[in-house]
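Side-chain atoms are counted along with the backbone in the values below, which use heavy atoms only and exclude waters and symmetry mates. Indexing begins at 1, ligand by ligand and atom by atom, following the structure's order. These numbers were taken from a predicted model, which means no experiment stands behind them.
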Amino acid sequence: MRTSIATVSISGDLREKLAAIAAAGFDGVEIFENDFLAYDGSPAEVGRMVRDHGLEITLFQPFRDFEGMPEQQRSRAFDRAERKFDLMGELGTDLMLVCSNVSPAALGGIDRAADDFHALGELAAKRGLRVGYEALAWGRHISDHRDAWEIVRRVNHPNIGLILDSFHTLARRVDVETIRAIPSDRIFIVQLADAPLIDMDLLYWSRHFRNMPGEGDLPVVDFMRAVAATGYDGPLSLEIFNDQFRGGSPRSIAVDGHRSLVYLMDQVARAEPDIAIDVPALPERVAVSGIEFVEFAANETEAEELVLLLRAMGFSLVGRHKNKDVVLLRQGAINIVVNTEKEGLAHSSYLVHGASAYAFGLKVDDAAATVARARALGAEPFEQRHGPDELAIPAIRGVGGGVIYFIDGKSELANVWEIEFDPVNDAGDDAGLMAIDHLAQSMNYEEMLTWLLFYTSIFKTTKLPMVDVIDPAGVVRSQVVESDDGGLRLTLNGAENRKTLAGHFIAESFGSGVQHLAFSSRDIFQTADRLTELGFNGLEISPNYYDDLEARLGLEPEFTNRLRDRNILFDRDECGDYFQLYSQTYSEGFFFEIVARRGYRGYGAANAPFRIAAQKRTLRPIGMPRI
Ligand SMILES: O=C(O)c1ccc(O)c(O)c1
Ligand SMILES: [Mg+2]
């Protein structure tokens, strides 16, 4: 598998783009002409810079408005082509992309276009160059790869071939199965891009909203399966026009791009077992059966506060680490670790972010295989020095530099609590909390696609449609990633400004991270009553909310009163009912949620504006010191 990416996909100047592309592990680059024109080095210098990075130039593009022109424009087009052939010689690349003509002057006619390409093929052949033809989805006469292929077939010249671009084919919903009939040696390069499904003008959609395969909604896997069936084994080249990526971090966009190709080809190889596909072998996507623990880093004072809060939610202190300043609290299947060590990642994380849930552990079948898959997808492994009677728990870095640990049942990892902790018998009052229902991470909006791809490529999960959550100070975009059986449920919340609750959290804790943890309760009313007895200070919800709820869902007043008395939020979907209860915020806007699902599949998005407004009434203003 040869990977490539167009320079247009990455932000920065050509030098920065190439450095990021090489560092992410790509084999080649498409030189997008504007990136070359904006750069002040000569073509030969650019060629050298590319090769010094260990990259090859897979394509020079685009060459526009070539085929089917009336005379005068036609000979000018040939002159332009010769000039670009000169440039390609200096750059050191043999392949040029011609995209289908969009000019109102273009005459159309498949044989006229074929004749032009034949003449161009003769010129290219003299210089040992090749030309590939791509149908733009908005081309004037040619907007479908099947027509572009018909032209290439009629040209019948070894130096003229076809270029397929998943966006153009999928945006027009052209049947991808038609690709399977194209001979692989006639396909000169394959460009790949995904996009979110938005109903808009094709050109605008393509130039501003493309994203990496797996980040959008197009069936790029089906497209690539058809390409693989032809036997094509040339470069797979990302060509992503995206406003957000143009302003993003070159390094992380390049890493996402490489990850998207590895993941795409992994899916293609698994879906087409009978086709020989040159892809690195990696363990399959990992099924997560639950969140085994969440670990907080804090100083002593904040740790004490946190332990008090957890005890007021019915947790028991059950363990003390044998060598470290770490305690374990438990209720049902929920393990909360509180780390006040003065060294290691917990401490540096505390110094940077303040008290926060900087790590969590996932239950998987095979922890080592999980890390192997994550590494193959470009995730950063995490290892920390550990004592003789401590386990080396396989781990990777996650959102905001946090850590994701993996615990399996096939090794001594299964006994981590017994091995590393001395039991403490300090039982609290169980409040009926059973497990972690979901974990929510807040991040800048621009990071969301990165983490969406991270989670969906490593773990057996799917994404739900993104929803807008209205905060009094702005919109927060919320994206759920979950496994079918509910073993892993994550909500990714992307903040566009610092005034929203999620934005405040990111600003004040200096980066993205876990902002809330939701526990599932056996019986929400019993839990609420027990919490009141334990002195839990819950979040107060406006009485106006309950009046509307009763009217909107047609609830019995007696039932609404039970909710109102306990500040329980309620939602209902076609599958069932949902109850939510919130803590006050802790540290820089972190909070706990308690939920009860009765068949309900969602996350209470309808309630979020009212919950957020209540939380913001209790939050200290940005920049104010803690007291
Ligand atoms: O938007 C464009 O014009 C454009 C140019 C070259 C391409 O390869 C492409 O897919 C789109
Ligand atoms: Mg293209």
Side-chain angles (χ1 to χ4, degrees), residues 3-10 17 26 28-38 57-67 77 80-81 84 87-88 93 95-104 106 117 130-149 151-152 160-174 176 179 182 187-195 198 200-213 216 218 220 223-224 226-227 232 234-246 257 260-261 264:
T3 57
S4 165
I5 183 169
T7 53
V8 70
S9 319
I10 306 277
K17 288 171 193 267
F26 284 92
V29 280
E30 295 180 9
I31 297 291
F32 211 77
E33 186 166 26
N34 272 352
D35 287 320
F36 163 71
L37 299 180
I57 301 178
T58 52
L59 178 69
F60 173 76
Q61 74 138 332
F63 189 78
R64 298 183 188 276
D65 298 337
F66 166 73
E67 79 282 17
R80 277 196 295 127
K84 299 307 167 188
L87 170 60
M88 287 168 62
T93 181
L95 182 61
M96 178 164 89
L97 175 147
V98 174
C99 50
S100 58
N101 202 327
V102 300
S103 166
F117 273 111
R130 298 177 302 145
V131 173
Y133 184 43
E134 173 197 60
L136 292 177
W138 54 91
R140 189 153 185 92
H141 304 292
I142 301 296
S143 56
D144 183 320
H145 72 249
R146 290 170 294 194
D147 296 331
W149 163 235
I151 290 172
V152 168
I160 301 291
L162 180 68
I163 292 180
L164 292 169
D165 179 323
S166 63
F167 180 86
H168 298 298
T169 294
L170 298 172
R172 293 194 72 105
R173 300 174 194 270
V174 176
V176 293
I179 293 170
I182 302 171
I187 304 172
F188 281 1
I189 196 166
V190 172
Q191 296 182 314
L192 294 163
D194 202 338
I198 324 174
M200 68 164 70
D201 169 68
L202 287 173
L203 183 148
Y204 198 81
W205 187 23
S206 173
R207 296 236 175 115
H208 302 272
F209 292 94
R210 289 187 182 204
N211 54 24
M212 305 296 177
L218 300 179
V220 185
F223 172 90
M224 199 52 224
V227 171
Y232 173 83
L236 302 175
S237 194
L238 296 166
E239 188 198 29
I240 318 290
F241 307 95
N242 181 302
D243 296 347
Q244 199 180 301
F245 294 1
R246 287 179 197 274
S260 78
L261 286 179
L264 174 69

> Heavy atoms only, cut-off 4.0 Å: how does Leu97 contact ligand 1, side chain, backbone, both, or neither?
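For Leu97, the contact with ligand 1 is made by the side chain alone.
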> Can you check whether Ala106's main-chain N or O pairs, donor with acceptor, with His141's side chain at less than 3.5 Å?
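Flag set: sc His141 to bb Ala106 pair under 3.5 Å.
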> Do ligand 1 and Arg207 have nitrogen or oxygen atoms that lie under 3.5 Å from each other?
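For ligand 1, there is an N or O atom that lies under 3.5 Å from one belonging to Arg207.
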> For Thr93 and Ile57, indicate whether the former's side chain and the latter's backbone hold a donor-acceptor pair under 3.5 Å.
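Checked: pair present.
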> Please work out, at 4.0 Å between heavy atoms, whether the side chain, the backbone, both, or neither of Leu203 comes within that distance of ligand 1.
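Answer for Leu203: neither.
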> Taking Ser100 for its side chain and Leu136 for its backbone only, find out whether a donor-acceptor pair lies under 3.5 Å.
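Looks like yes, one N/O pair under 3.5 Å.
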> Counting N and O atoms only, with roles assigned by atom type, does the side chain of Arg80 sit under 3.5 Å from a partner on the main chain of Arg64, one being a donor and the other an acceptor?
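Yes: the side chain of Arg80 pairs with the backbone of Arg64.
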> Using modelled atom types only, decide if a donor and an acceptor are shared between the side chain of Tyr232 and the backbone of Val190 within a distance under 3.5 Å.
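Checking the backbone N and O of Val190 against the side chain of Tyr232, a donor-acceptor pair under 3.5 Å is found.
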> Check the orientation of Phe167 and Trp205. Use parallel for under 30°, tilted for 30 to 60°, and perpendicular for over 60°.
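The rings of Phe167 and Trp205 stand perpendicular, inter-plane angle above 60°.
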> As an exercise, identify every atom of ligand 1 less than 4.0 angstrom from a heavy atom of Leu136.
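Heavy-atom distances to Leu136 below 4.0 Å select 4 (C), 9 (C), 11 (C).
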> Among all protein heavy atoms, pick out the one at the shortest distance from atom 6 (C) of ligand 1; state its residue, atom name and that distance to 0.1 Å.
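Closest protein heavy atom to atom 6 (C) of ligand 1: Gln61 OE1, 3.1 Å.
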> Hey, is the main chain of Leu218 close enough, under 3.5 Å, to the side chain of Asp194 for a donor-acceptor pair?
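Yes: the side chain of Asp194 pairs with the backbone of Leu218.
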> Would you call the rings of Phe209 and Tyr204 parallel, tilted or perpendicular, taking 30° and 60° as the class edges?
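Taking Tyr204 first and then Phe209, their aromatic rings sit tilted (interplane angle of 30° to 60°).
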> Going by the atom numbers of ligand 1, which of them fall below 4.0 Å from some non-hydrogen atom of Pro62?
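Answer for ligand 1: 6 (C).
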> Keeping the roles fixed (side chain from Arg210, backbone from Glu239), state whether a donor-acceptor pair exists under 3.5 Å.
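Side chain of Arg210 to backbone of Glu239, a donor-acceptor pair under 3.5 Å: yes, one is there.
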> Within a radius below 2.8 Å of the Mg ion (ligand 2), how many protein N, O or S atoms are present?
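Under the 2.8 Å cut-off, the count stands at 4.
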> Could you walk me through whether Phe188 and Tyr133 satisfy the ring pair (Phe, Tyr, Trp, His ring centres under 6.0 Å) test, starting with their C-alpha distance in whole Å, then the side-chain angles of each, then the deciding distance to 0.1 Å, before giving a yes or no?
CA-CA 9 Å; Phe188 281 1; Tyr133 184 43; over 10 Å; no
> If we only consider heavy atoms of Trp138, is any one of them less than 4.0 Å away from an atom in ligand 1?
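Distance cut 4.0 Å: Trp138 passes for ligand 1.
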> Out of Glu33, Gln191, Glu30, Arg64, whose heavy atom sits nearest atom 3 (O) of ligand 1?
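Minimum heavy-atom distance to atom 3 (O) of ligand 1 goes to Arg64.
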